J.: 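Dropping a structure here in structure tokens format, bear with me for questions.
None of the values given here were measured: they were computed from a predicted structure. In listed order, ligands and their atoms are each counted from 1.
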Amino acid sequence: MQSLLNKKIVLGISGGIAAYKAPELARQLMQEGASVQVVMTEAAQQFVTPVTLQALTGNPVYLSQWDSTIPNNMAHIELSRSADAILIAPASADLMAKLSLGLADDLLTTLCLARDCPLLLTPAMNKQMWEHPATQRSAQRLIDDGVALLGPASGFQACGEIGMGRMLEPAEITEQVISFFQKKSLAGKKVLITAGPTFEAIDPVRGITNHSSGKMGFAIARAAVEAGAQVYLIAGPCDLPTPLDATGQIVRTNVVSAKEMHAATLGATDCDIFFAVAAVADWGIAKPAKEKIKRQGNQAPNLEFVANPDILLDIAKAAKTKAGKPHPYCVGFAAESTDLEKHADEKRKRKGIPMIVGNIGPDTFGSDLNQLIVIDSAGSKKIAKAEKLQLARQLIALVAKKI
Ligand code: CTP
């Protein structure tokens, strides 16, 4: 799935060592379907050559407002007129200061002043430069003017220091640009999500778990952030990175057992929507052994099970009514081996929740693809087979309408 199909992005590059990442960024934006038009400042050309960007994007690279080969010499107007966004990566302290004051003394700054489209900046500089009051003033002014700042991040810097000011990685910038273009249907909302499997210990080295990869829950977390929500993600044991981590819009809590997931989730119920996506173990071991259980000939150990709490049921029970709607609005998930729609709807009623989502098809665990059926009191609606992120975006749009 290409998430930036038909988007025209002007990629501005200013002078800073992070400019070496700009060609990779251009490539990733194009892989997502965007067309990329590069504009470079004079200083940027000290770090990366226009030819590299021209070869990668397949477009001429604009360098100066005094270029007499441009027919009406109006590149600053033409480029921004046709663009969906101007993205500047890296955005140096000097460039940010100029933009915050409305200065326009080269093609890139003129283009920004004359623009009729969103402007996204990815700051990149040494930590002292970032922390300097002048830069902080520029950053705040730009935010007040409606400019989106992506990053910076903290970490190792080219100057040898560690701190705030490092440019986000091209993959993170691309994710945030994709996110920027999504509809903000959950702006100001809080979304709680359980995701992944749980693990019930038998002894310190063994346990019972399931095949849930966490991919669907994490895709819903990403889609909710893209839609403008603050997300609380309670994750069972899975290796997935937190999506859109650099935005700070996801607070992740890692848990192991169903009991831990229950406690963490019930401690975060002040939210507008709850997606119970985790495959929670129905039973745990009554008394997990403190030391590894040793083999005793051919005799298997007798394990005693106890029922785990039902997280979704407990949250639905505690839900209140706000403006005639359940709060939080609870969405359950169901994977059934037979009669999916019937069993899922029974589960929806039994748990007292307004909506349940059935996983269609046998290959959902671990796969990047899925197919869903969304069931509420009004009936059911299928969402055709697609990548989990795409399904998650459609599901978020449906739920946003319900609340
Ligand atoms: N769920 C939960 N806590 C549990 C068990 C399930 O929150 N202890 C949630 C799941 O996250 C999912 C929904 O309930 O959203 C249905 O999960 P499922 O395992 O299918 O339901 P069960 O009630 O366990 O029913 P069964 O296993 O008998 O089909």
J.: Tell me whether Q249 contacts the main-chain N or O of A229 through its side chain, where contact means a donor paired with an acceptor under 3.5 Å.
T.: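 A pair under 3.5 Å: yes.
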J.: Taking atom types as modelled and ignoring hydrogens, do the side chains of E341 and S380 form a donor-acceptor contact shorter than 3.5 angstrom?
T.: yes
J.: Do K98 and D94 sit within salt-bridge range, that is, some charged N less than 4.0 Å from a carboxylate O?
T.: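 So K98 pairs with D94 through a salt bridge.
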J.: Report each N/O pair between ligand 1 and the protein that falls under 3.5 Å, naming both atoms.
T.:
| unit_1 | atom_1 | unit_2 | atom_2 | d |
| --- | --- | --- | --- | --- |
| ligand 1 | 3 (N) | I311 | N | 3.1 |
| ligand 1 | 7 (O) | L312 | N | 2.9 |
| ligand 1 | 8 (N) | P309 | O | 2.9 |
| ligand 1 | 11 (O) | A276 | O | 3.3 |
| ligand 1 | 11 (O) | A278 | O | 2.7 |
| ligand 1 | 14 (O) | K351 | NZ | 3.0 |
| ligand 1 | 15 (O) | A276 | O | 2.6 |
| ligand 1 | 15 (O) | F333 | N | 2.8 |
| ligand 1 | 15 (O) | F333 | O | 3.3 |
| ligand 1 | 20 (O) | K347 | NZ | 2.5 |
| ligand 1 | 21 (O) | K347 | NZ | 3.2 |
| ligand 1 | 23 (O) | K351 | NZ | 2.8 |
| ligand 1 | 24 (O) | D282 | OD1 | 2.8 |
| ligand 1 | 24 (O) | D282 | OD2 | 3.3 |
| ligand 1 | 25 (O) | K347 | NZ | 3.4 |
| ligand 1 | 27 (O) | D282 | OD2 | 3.2 |
| ligand 1 | 29 (O) | K347 | NZ | 2.7 |

J.: Quick one about D67 and S64 (side-chain donor to acceptor, distance below 3.5 Å, no hydrogens or angles considered), yes or no?
T.: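 Result is no, nothing qualifies.
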J.: Taking the six-membered ring of Y232 as reference, does the NZ or CZ atom of K190 fall below 6.0 Å from its centre and within a 45° cone about the axis?
T.: no
J.: Indicate whether the side chain of D314 and that of H262 have a donor and an acceptor atom separated by less than 3.5 Å.
T.: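 Result is yes, a qualifying pair exists.
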